[in-house]
Amino acid sequence: MSLPDKQGHFGEFGGKYVPETLMALLEELEKVFRAARRDKSFQRELAYYLNEYAGRPTSLYLAERLNRHLKTLKVYLKREDLLHTGAHKINNTLGQVLLAKRMKKTRIIAETGAGQHGVATATAAAFMGLHCEVYMGSEDIERQALNVDRMKLLGAKVVPVTSGSQTLKDAMNEAIRDWVTNVRNTFYIIGSVAGPHPYPLMVREFQSIIGKEARRQFLAKEKRLPDYLVACVGGGSNAMGLFHAFFNDKHTKMIGVEAAGLGLATGHHAATLMKGDIGVLHGSKSNILETKDGQIKVAHSIAAGLDYPGVGPEHAYYKKIGRAGYVSVTDKKALEGLRLLSRTEGIIPALETAHAISYLERLARKAPRNSRVIVCLSGRGDKDMGSIKGLIK
Ligand SMILES: *Cc1c(COP(=O)(O)O)cnc(C)c1O
């Protein structure tokens, strides 16, 4: 059975928990998306821009010096960090911008936390000549000044959000409000496999190029399938992008790495799957971090891109049926992972990605000798140099 079902459910998760006014918009969007998916000219156009503009296919690189350090694993890195704008997010924003064009929308809106999805959206909008507005919490605008400048340079308007905790979840609420009001000319680009149906399906579809390529590349190199897939999980789009093509490969284990922040016991973390409850956030039923009386908690991670109190519903489903396992890595360990990859391979990963790298040291101790692993190197670390100043010895 292929999931999600018609209502957007992955088992008990997903769906469309939205007000009446949004229902029609989501149905229209789904119709256009499904038609585009079947349309060869849409697929050709998307492939053209992914290859010629964004830099696909990305390499699947055997990390020999990292492997010498890890001793027991044979790790390949799927190099999404080499894409234009430095991360996997452009796979999705290019796809959605092309959909917007197809729907004859002239205005793009997005939410952003750290600013990475905002930059990827502003980039895609600039290059398609569309007006772009990005909702961003005032807190985040302060913390992520560099990305705010990037978005402005790309011609986007950054709209400060002063409600709630003034972070990502509030920015998403505002973006949804804007969409309902201005839907005639506006397309809303969500940045991860979260939100109401059809977004989790749509974003998965645009990111699944990661796993399709990696699977083909791995088979060509190793003449077999990998034993493990490892990826960091914020909303879950780079992980789902890698995992999805391997769903039916029963012997390939999937591991999603969440942010343990200051430690799971401290409450200051973003480990939604490990520590969350079932609930509804941003129109979708999944695992969420909430207080006893049902308020959404503020998540914490040193990696701004993992700092989200929800997670895509398909991950909640994979966890429930045991198809994927989820682990967590602290801020401190992530910094060690960042240093490890920098020193062994000359690749400075994003702080988000560094969580997945760090987990390899744990996997190396328990996996059978010579296990083959693909890690999604979701992004490069240049953007984080400011925030880790003084933390790297
Ligand atoms: C945004 C981001 C993430 C987290 O988002 P997912 O949807 O979980 O992939 C991970 N890595 C990088 C480099 C990012 O920019």
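Position 1 is the first residue of the sequence; numbering continues from there. Ligands are counted one by one from 1 in listed order, and the atoms in each one are counted from 1 as well.
Between Tyr76 and Phe218, the distance from one ring center to the other falls under 6.0 angstrom.
Scanning all protein heavy atoms for the shortest distance to atom 4 (C) of ligand 1 gives Gly305 O, 3.3 Å. Of the protein's non-hydrogen atoms, Ser237 N, 3.3 Å is the one closest to atom 6 (P) of ligand 1. Looking only at heavy atoms of the protein, atom 15 (O) of ligand 1 is closest to Gln116 NE2, 2.3 Å. The single protein non-hydrogen atom nearest to atom 10 (C) of ligand 1 is Glu352 CB, 3.5 Å, given as residue, atom name and distance. Of the protein's heavy atoms, Lys89 NZ, 2.4 Å lies nearest to atom 2 (C) of ligand 1. For atom 12 (C) of ligand 1, the nearest protein heavy atom (residue, atom name, distance) is Ser378 OG, 3.5 Å.
For Arg34 and Glu30, the salt-bridge test passes: some basic side-chain N is under 4.0 Å from an acidic carboxylate O. Ion pairing between Arg339 and Glu336 fails under the 4.0 Å rule for side-chain N and carboxylate O. Between Arg216 and Glu213, none of the side-chain N atoms (NZ, or NE/NH1/NH2) sits under 4.0 Å from a carboxylate O, so this pair counts as no salt bridge.
Classified by interplanar angle (parallel below 30°, tilted 30° to 60°, perpendicular above 60°), the ring pair Phe247/Tyr318 is tilted. In this structure, His268 and His300 have perpendicular ring planes: the angle between them is above 60°, well past the 30° mark.
Considering both main-chain and side-chain atoms, Gly234 comes within under 3.5 Å of ligand 1 through a nitrogen or oxygen pair. Taking distance alone, with nitrogen or oxygen atoms compared against 3.5 Å, Gly236 approaches ligand 1 more closely than that limit. When only interatomic distances are considered, the shortest N/O to N/O separation between Lys383 and ligand 1 does not fall below 3.5 Å. Not one N or O of Ala87 is nearer than 3.5 Å to an N or O of ligand 1, by distance alone.
Residue-ligand proximity, Gly379 to ligand 1, at heavy-atom distances under 4.0 Å covers atoms 13 (C). Listed by number with element, the atoms of ligand 1 under 4.0 angstrom from any heavy atom of Ala350 are 13 (C).
Remark: Tyr199 OH to Ser237 OG distance equals 14.5 Å, nearest 0.5 Å.
For the pair His88 and ligand 1, a heavy-atom separation below 4.0 Å is found.
Considering every non-hydrogen atom in both Ala124 and Val97, the closest pair reads CB-CG2, 3.6 Å.
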CA sep, side-chain torsions, deciding dist, call: Tyr317, His9, side chain to side chain donor-acceptor pair (under 3.5 Å): CA-CA 9 Å; Tyr317 174 70; His9 290 109; over 6 Å; no
